[in-house]
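Each remark here refers to the structure printed beneath this line.
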Amino acid sequence: MDAPEREADNDAAHEEPSLEGEYEPEAVESRWQRRWVDEEVYAYESDPERDPNTVYAIDTPPPTVSGSLHMGHLYGHTLQDFAARFQRMADGEVLFPFGYDDNGIASERLTEQELDIRHQDYERREFQELCREVCQEYEAEFTEKMQGLGCSIDWNNTYKTIEPRVQRVSQLSFIDLYEQGREYRKKAPAIWCPDCETAISQVEMEDDERGSHFNDIAFEVASDGTDRDEFVISTTRPELIPACVSVFVHPDDDENQDLVGETARIPIFGHEVPIIADDRVDMEKGSGIVMCCTFGDQKDIEWYQAHDLPLRVAIDESATMTDLAGDYEGLSTEEAREAIVEDLEDEGYLRDRWEISHTVQVHERCETPVEFRVSKQWYVEILDHKEEYLEAGREMDWYPEKMFTRYKHWIEGLEWDWLISRQRDSGIPFPVWYCADCDTEIVAEKAELPVDPLSDEPPVDSCPECGHDEFVPEDDVFDTWATSSLTPLINAGWDWDADAEEFRMEKPELYPFDLRPQGHDIISFWLFHTVVKCYEHTGEVPFDATMINGHVLDENREKMSKSKGNIVAPDEVLADYPVDAVRFWAASAAVGDDFPYQEKDLRAGEKLLRKLWNASKLTDTLAPRDPEEPEELEPIDRWLLAELDDAIAELTAHFEEYEFAKARDRLRTFFWNTFCDDYLEIAKGREDNPSTQYALRTAHRTFLELWAPFLPHATEEIWQAVYTDDGADLEDSSIHTRDWPTPQGYEADLEAGETAMEVISALRRYKSEHQLPLNADLESVSVYGPIEGFEDAIQNVMHVRELTVLEDEPEVTTEVASIDLDYSTLGPKFGSKVGEIDSGIENGEYEIVEDGAEPRSADSSSSAERSSADSHAAKPRDDGDEPREGRVLRVAGEELGEDLFEVEYERTYSGEGEMIETESAVVILED
RNA sequence: GGGUUGGUGGUCUAGUCUGGUUAUGACACCUCCUUGACAUGGAGGAGGCCGGCAGUUCAAAUCUGCCCCAACCCA
């Protein structure tokens, strides 16, 4: 990665593409990465008139710049790039943009850590400025690393989620939804992080296992409707007792039913609360009697709302005890917990205390346990449109399909509207002021956006409701997802057209986007929120398709995590292996599957690069670079091109379905086995043949094109070295801007080709078994089988001095070795009789009747040898390839027709030389 | 606790939706071969009965049920 080393590698030989020597990925890859960016090979130029069907637009979720680049980024972006590169070649223009997510808590935290400051100590603008400075450094680093992955991103089309253009889009989004009546401001309990001092949404919480204590605390009964003087409740949070507003008992709890309707006195604090029955009480837990405090958990909120309980706030926004806590005021919740427990014990209220470990809900950013606080917050109404969002999900194509269920279940399980206000210093402000007198909401003018109410004036001089002329600016900012969910609109240039008085897109041809790629962990919030926002703004589903990538696991299939220390850093991998090899590995898993990082897969990629390089060198020595197409191609060459046609068709289908792993395997097998191992060996003996020269070059160009999405650097290097003129404009000459290959309609005798390859394979096996070199001469070979047109090829590549094609099957004696039944038609026809038929054949209790000739029983057929030459000369094998009329198998009292069985013969060759059988040919070797 | 997805030779994996009887390929392993690119190559071989149990069926890796294991999502 460091420049001096790269310089050293970069001697003159590496400056220009060439096929000299060995493939040197370090020099080649960095050179092309530089040139692709410098010469804007992947730049997208918008044309609003362009047919949306010829534009392939990708909406990539912008990564958080504060995080480091991990294997997940590398994998995800590589998959996106496969799609981008294929589509660019196959179907016109591609937009592959890039965004930096630097808006929100993550970058605030980063700034605080990096500069060792607290946001509270700064003015909002000042702190925001610092955030941007810090993020800029990280963004530059991110850009460099992303470019090192060789993704075909258009670096002219980037955005930052905090930049003014995006702030404008985000505030427009707020105002549009507000005007549609889909947003409201409400005072209600919300999830609160006391460390970040902000409300957060459900998705920002996670579970964490923490140690704690269970405390059994005695409450006195203050009324006299029961015999009891006291009862015991168990709690992990004794510091909440000053906030206790009621006590609950389950209606089925017979033991404690006497308490219902009575009044309890809270120890130490002395206030009295009602005891109420409610079936949400967990009878199994502790004494079955539970206190309700405002608020300890979500159940407290439910009770508070259901029973219209009073609000007692004992903990403030920074987790400090309030005046309600009396003597404990000013203590942190932790300190108060210990102090209260001590005092309870002193006063005899603490009946028991023991250690436990339980899961608590914490804020994912800072791991602080969350509180629940009543506050005034902004919400986006979503619960009333669940059905529409489900339908939007159904309209998208999901790759893989099964991921739709996650989306579906998430929506079905939604219980809260989307809380979008955050009490943070940095972020995109709400464009809202409130009348100081009547609290009427004043929203900014669209033309003025972006605004910051803290420094900008509201658009009115006096309140339209009450005429008051003082206003209070909203100082909350948007939840980062409120902005991150707008990326399709940001990329398409969505904006308010003041003249037309409507929303317009600068690049309407992009929307809806063709593809939305992402990890399966963010389906439930990022993808979902994006669908919500875009659907509400445009009435359209923002994506035609969504591709979900799996997670990269470690070598032992375990999730990579900091605590396990099993993280593999992309930097380390790229220091050891070519990017193209890493990409080859990334193409090995089916989209949506988690898969392990395995070094040996990277070695496989390296091997392929070497093979491609060497095969290119050999091709270059065998044929001129641009041979004429001959009038008539010879069978072997036509065969290769016909097979190539098939491969192109299959690969294209795989790419269109995002089946990169299948495309990769199909291409590798065809390239390595058929082209390199078979055809190139054959071509060595035919280099002066114009037909072979043409086929070689056609195949080679096509292979480079087919490999280009997977191996962009190596294919570009070879392409530029061999097939382009010096000094050509890279935008035109790059292999990545070429058209994807299409089948050319070559027709060939595929059966003959296949048979010829079988014969070659048989001869190789013969040599291998006799420990002969593969280029050892074979004196005389006779072949009986359909190999017309391929005789020379076989003779050349296997070094056969004399090759004879037999008119008639060689003299062999045959006997029935076995009978294969066609179960797929036999089963439905005979059902349970199949067992009997099987055992009949196994026991030899059957006979074959043919051509009205004498029935041949199993007994006679196994003993009576027959010479095939006298009766079946037409074909080397007669076992079903070419059924004769009237041949019937009698077994278990049934007659099976010709289509139901095949007879396998054991053959013994009695002539000169050695016989080798293949699927559809017989080969005889004589030394 | 609920849900989703997956469990195929030593490792990774195809096949499972559309049941059919020698289960795909790669890596590793063993044997052999220096041939006009590549020995970082080539040819060949051995190795699995498809997580477990039960069922449906003439027939199950493939369908059904239960169980075990793993990951993820939600409590």
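From a predicted model like this one, the values you see are computed outputs, not experimental measurements. Atom set for the values below is all heavy atoms of this structure, side chains included, hydrogens, waters and symmetry mates excluded.
- A/Trp398 contributes a side-chain N or O that, together with a main-chain N or O of A/Gly393, makes up a donor-acceptor pair within less than 3.5 Å.
- Base contact: A/Ala615 has a heavy atom under 4.0 Å from a base atom.
- Residues satisfying the salt bridge (charged side-chain N to carboxylate O under 4.0 Å, His left out) criterion with A/Arg765, sequence neighbours excluded, are absent altogether.
- Closest contact between the side chain of A/Leu774 and the listed nucleotides B/A43, B/C58, B/U34 involves B/A43.
- A straight line from CG of A/Leu696 to C1' of B/A37 spans 12 Å, rounded to a whole angstrom.
- For the OP1/OP2 pair of B/C27 and a distance below 4.0 Å, the side-chain nitrogens and oxygens of A/Ser588 include no atom meeting the criterion.
- Residue A/Trp410 places its side chain closer to B/C74 than to any other of B/C12, B/C74, B/A37.
- The separation of B/A14 from B/G48, taken at their C1' atoms, amounts to 14 Å, rounded to a whole angstrom.
- Nearest to the side-chain atoms of A/Arg406 among the listed nucleotides B/U4, B/C72, B/C58 stands B/C72.
- B/C32 atom P lies 14 Å from atom CG of A/Leu772, rounded to whole Å.
- Atom OH in A/Tyr766 sits roughly 19 Å away from atom C1' in B/G42 (whole-Å rounding).
- When the nucleotides B/G41, B/C58, B/U4 are ranked by their closest atom to the side chain of A/Ser832, B/C58 comes out on top.
- Shown here, B/G44 forms a base pair with B/C30; the pair counts as Watson-Crick or G-U wobble because both key distances fall under 3.5 Å.
- When heavy atoms are screened at a 4.0 angstrom cut-off, A/Asp594 is found touching the sugar-phosphate backbone but no base atom.
- Here B/A37 presents its P atom at 14 Å from CG of A/Asp620, a figure rounded to the nearest Å.
- At the heavy-atom level, A/Arg603 lies nowhere under 4.0 Å from the strands shown.
- Along RNA chain B, the nucleotide closest to A/Gln771 and the one closest to A/Pro596 are compared, and the more 5′ of them pairs with A/Pro596.
- In this structure a side-chain-to-backbone donor-acceptor pair under 3.5 Å is missing from A/Glu894 to A/Ile837.
- Distances shown here put every side-chain N or O of A/Trp672 at or beyond 4.0 Å from the OP1 or OP2 atom of B/C38.
- A gap of 31 Å separates the P atoms of B/G2 and B/G15, to the nearest Å.
- Side-chain contact check for A/His700 and A/Asp620: no donor-acceptor pair (N or O, by modelled atom type) lies under 3.5 Å.
- In this structure, a donor-acceptor pair under 3.5 Å is present between the side chains of A/Ser691 and A/Asp637.
- Looking only at side-chain heavy atoms (C-beta outward), A/His520 and A/Asp594 come within less than 4.5 Å of each other.
- Comparing the same atom, P, in B/U31 and in B/C67 gives a spacing of 49 Å after rounding to whole Å.
- The side chain of A/Pro828 lies closest to B/C58 when the candidates are B/G44, B/U4, B/C58.
- As rounded to whole Å, 10 Å separates atom P of B/G15 from atom CG of A/Asp665.
- If you check B/C12, B/C58, B/A37 against the side chain of A/Gln598, the one that comes closest is B/C12.
- Comparing the same atom, C1', in B/G51 and in B/A71 gives a spacing of 16 Å after rounding to whole Å.
- B/C72 and B/G3 make up a base pair, with Watson-Crick or G-U wobble contacts both under 3.5 Å.
- A donor-acceptor contact under 3.5 Å links the side chain of A/Lys600 to the base of B/U11.
- Interatomic distance, CH2 of A/Trp707 versus CG of A/Leu651, reported as 8.5 Å (0.5 Å rounding).
- Close to B/U4, at under 4.0 Å from its OP1 or OP2, lies no side-chain N or O of A/Lys408.
- Remark: B/A14 base-pairs with no nucleotide; criterion is Watson-Crick or G-U wobble with both hydrogen-bond distances under 3.5 Å.
- Rounded to whole angstrom, the span from the CG atom of A/Leu612 across to the P atom of B/G41 amounts to 14 Å.
- For A/Leu553 and B/U11, the CG to P distance is 16 Å, given to the nearest whole Å.
- Within the 4.0 angstrom heavy-atom criterion, base atoms lie near A/Gly685.
- In the interface, the side chain of A/Lys611 is paired with the base of B/C38 through a donor and an acceptor atom under 3.5 Å apart.
- Residue contacts for A/Glu769: at a heavy-atom cut-off of 4.0 Å it reaches no nucleic acid atom on any strand shown.
- In summary, of the residues considered (A/Tyr304, A/Trp192, A/Trp303), a ring-ring contact (aromatic ring centres under 6.0 Å, His included) with A/Phe295 occurs for A/Tyr304 alone.
- Annotation: B/U13 and B/G55 have their P atoms spaced 32 Å apart (nearest Å).
- Comparing the C1' positions of B/C32 and B/A70 gives a spacing of 42 Å, expressed to the nearest Å.
- Side-chain nitrogen and oxygen atoms of A/Lys767 include none within less than 4.0 Å of the OP1 or OP2 phosphate oxygen of B/G42.
- Atom pair A/Asn549:CG and B/A71:P shows a separation of 19 Å (rounding to whole Å applied).
- As judged by a 4.0 angstrom heavy-atom cut-off over every strand, A/Asp822 is placed among residues making no nucleic acid contact.
- Across B/G19 and B/G44, the matching P atoms stand 35 Å from one another, rounded to whole Å.
- Judged by closest nucleotide on RNA chain B, A/Ala590 is the one of A/Ala590 and A/Val834 placed further toward the 5' end.
- Residue A/Leu622 is classed as a base contact, given a heavy-atom separation below 4.0 Å to a base.
- Ion pairing between A/Lys833 and A/Asp838 fails under the 4.0 Å rule for side-chain N and carboxylate O.
- B/U22 is unpaired under the Watson-Crick or G-U wobble criterion, no partner having all donor-acceptor distances under 3.5 Å.
- Closest to the side chain of A/Lys662, from the set B/G41, B/C32, B/A14, is B/A14.
- For the P atom pair drawn from B/A54 and B/U18, the interatomic distance equals 26 Å after rounding to whole Å.
- Among the atoms of the strands shown, none is found under 4.0 Å from any heavy atom of A/Glu606.
- For A/Ser768, whose side chain is taken as the heavy atoms from C-beta onward, the closest listed nucleotide among B/G20, B/A37, B/A43 is B/A43.
- Summarising the base pairing, B/A54 is matched to B/U64 through a Watson-Crick or G-U wobble pair whose two defining distances lie under 3.5 Å.
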